[in-house]
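Let me begin by presenting the structure, written as structure tokens, before commenting on it.
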Amino acid sequence: MEKYGETLFALDPAEENRLALLADVFDPLCQETLAGLGIASGARCLEIGAGSGSVASWLCERADEGEVVATDIDPALLERIVHPRLRPLHHDVTRDPFPENSFDLAHARLVLSHLPQRDEVMRRILGWLRPGGFVLIESFCWFPVDSSPHPLYRKVMQAWSDLICGTLGTDSWWSRTQPASFTGYGYRDVGARTVTQNLRGGTPLADFWRLTVDMSYDRLIAGGHLTTGELGDFYALLKDPGFWDLAPALVQAWGRK
């Protein structure tokens, strides 16, 4: 089983563009939920799999007397950010430790669903939180794709999901168990919100999914999952302003220690 970021989702110029689109589309939803859960000015925050650092930078402004520890297995983009309260860190959440009771909040977006050790990681995060601290986990759920009325869109998106599930151990349905599973991990005051966005061709959301699929182009072809023609038609579909469908849903689930 390959690890997230080794080849799939590895940092390169194309991945930087994809992360920029991700921030453009999904940061407002993340910020709204984090703000609603409450961020004290002196909070110590943990941003897991911080990517481009867009959420970590926002947390630095909200926790303006605290600290933000932003982790990634490749923190190159984080190290470009100059902020006195930001601490970039090379860290593998599946094995590298933090002291107990270190953080007031922890956040991970589109990370844990790709980790076979996701249940263990959720329990590790609980130990890293201070009493009263909270975790927010954001993951995609695939149910809008399964019911799509557009056969090509449905086929390509499902083929990509099947590829990363087999390569990384991703579970595209893990988020559906939330927030109920949080009580089993040991969290309290659990809650959740699911956002299903309308996807229109030519928009940042469509571009995000087009680039996400394209990063696996060679594997999708070599593995016989799709043909070059199918992928070409899919890319054209997601550039067409006349195309409308639903994107994979974003599930936000949270709980407190």
Side-chain angles (χ1 to χ4, degrees), residues 4 26-51 54-56 58-72 85-87 89 91-143 169-196 248-257:
Y4 183 100
F26 296 106
D27 275 10
L29 298 172
C30 174
Q31 293 167 7
E32 180 183 354
T33 301
L34 283 170
L37 290 168
I39 304 169
S41 61
R44 191 161 190 258
C45 311
L46 174 62
E47 176 69 7
I48 299 166
S54 62
V55 174
W58 180 83
L59 285 170
C60 285
E61 301 306 317
R62 295 301 296 246
D64 55 4
E65 297 179 7
E67 181 184 36
V68 178
V69 178
T71 73
D72 208 287
R85 283 181 296 282
L86 180 65
R87 179 187 163 201
L89 185 66
H91 185 275
D92 184 337
V93 73
T94 66
R95 66 170 189 238
D96 296 331
F98 282 114
E100 297 286 299
N101 304 318
S102 291
F103 299 101
D104 298 293
L105 71 89
H107 171 250
R109 178 172 63 190
L110 312 182
V111 175
L112 269 68
S113 60
H114 295 301
L115 304 177
Q117 311 92 331
R118 59 188 70 89
D119 295 315
E120 177 189 347
V121 170
M122 285 297 299
R123 295 184 178 93
R124 299 186 82 202
I125 294 172
L126 182 65
W128 299 338
L129 290 173
R130 295 167 179 162
F134 69 85
V135 64
L136 171 64
I137 303 297
E138 299 183 281
S139 306
F140 288 130
C141 195
W142 229 241
F143 66 86
T170 298
D171 185 345
S172 296
W173 293 93
W174 176 65
S175 61
R176 190 131 192 185
T177 67
Q178 300 163 11
S181 61
F182 280 39
T183 58
Y185 301 133
Y187 294 88
R188 63 174 176 82
D189 300 337
V190 299
R193 176 173 78 154
T194 298
V195 179
T196 305
L250 182 72
V251 178
Q252 301 176 314
W254 57 83
R256 295 191 182 271
K257 182 171 180 176

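Along the sequence shown, the residues carry numbers beginning at 1. Side chains are part of it too, since the values below use all heavy atoms of this structure and drop only hydrogens, waters and symmetry mates.
By the 4.5 Å heavy-atom criterion applied to side chains, L136 and Q252 are counted as neighbours. Between W173 and C141, some side-chain heavy-atom pair lies under the 4.5 Å cut-off. Side-chain contact between W128 and V69: absent, with no pair of heavy atoms (C-beta onward) separated by less than 4.5 Å. Counting heavy atoms from C-beta on, the side chains of L129 and F98 never come closer than 4.5 Å. Residues L46 and T71 meet the side-chain proximity criterion, which asks for heavy atoms closer than 4.5 Å. Residues E120 and T94 have side chains not in contact (no heavy-atom distance under 4.5 Å, counting atoms from C-beta outward). A 4.5 Å side-chain heavy-atom check between S54 and R109 finds at least one atom pair inside the cut-off.
The structure places CH2 of W142 at 9.5 Å from OG1 of T170, a figure rounded to the nearest 0.5 Å. Distance check, rounded to the nearest 0.5 Å: CZ of R44 to CZ of R87 gives 6.0 Å. To the nearest 0.5 Å, atom OG1 of residue T183 and atom CD of residue Q178 are 11.5 Å apart. Of the inter-residue distances, the one linking W254 atom CH2 with H107 atom NE2 reads 11.5 Å to the nearest 0.5 angstrom. One finds the CG atom of D189 at 12.0 Å from the CZ atom of F134 (value rounded to the nearest 0.5 Å). Considering CG of L112 and CG of D171, their distance stands at 11.5 Å, rounded to 0.5 Å.
Looking at every heavy atom in both residues, L86 comes nearest to C60 through CB-SG, 3.8 Å. For A249 against T194, the heavy-atom pair with the smallest separation is CB-CG2, 3.9 Å. When all heavy atoms of S139 and L110 are compared, the pair lying nearest together is CA-CD2, 4.0 Å. Residues A50 and A70 approach most closely at CB-CB, 3.8 Å, considering heavy atoms. Of all the heavy atoms in P99 and S102, the pair that sits closest is O-OG, 2.5 Å. Residues I137 and M122 approach most closely at CG1-SD, 3.8 Å, considering heavy atoms.
For I39, the side-chain contact (heavy atoms from CB on, under 4.5 Å) partners two or more places apart in sequence, or in a different chain, are L34, A43, W58, L59, R62, A63, L105.
R130 places no side-chain N or O within 3.5 Å of a backbone atom of D104 that could act as its donor or acceptor partner. Side-chain atoms of D72 come within 3.5 Å of backbone atoms of G51 as a donor-acceptor pair (strictly under, hydrogens ignored). When atom types are taken as modelled, the side chain of S175 and the backbone of F140 share a donor-acceptor pair closer than 3.5 angstrom. At distances below 3.5 Å, at least one donor-acceptor pair connects side-chain atoms of K257 with backbone N or O atoms of L126.
Between Y187 and F182, the two ring planes are tilted [angle within 30° to 60°].
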Take F143 and T196 through the test side-chain contact (heavy atoms from CB on, under 4.5 Å) and record every step on the way to the result. CA-CA 10 Å; F143 66 86; T196 305; 4.0 Å; yes
Could you go step by step and tell me if L250 and E138 meet the side-chain contact (heavy atoms from CB on, under 4.5 Å) rule? CA-CA 7 Å; L250 182 72; E138 299 183 281; 3.7 Å; yes
Would T33 and L29 count as a side-chain contact (heavy atoms from CB on, under 4.5 Å) here? Give the steps. CA-CA 6 Å; T33 301; L29 298 172; 5.7 Å; no
Could you walk me through whether L89 and D96 pass side-chain contact (heavy atoms from CB on, under 4.5 Å), step by step? CA-CA 11 Å; L89 185 66; D96 296 331; over 6 Å; no
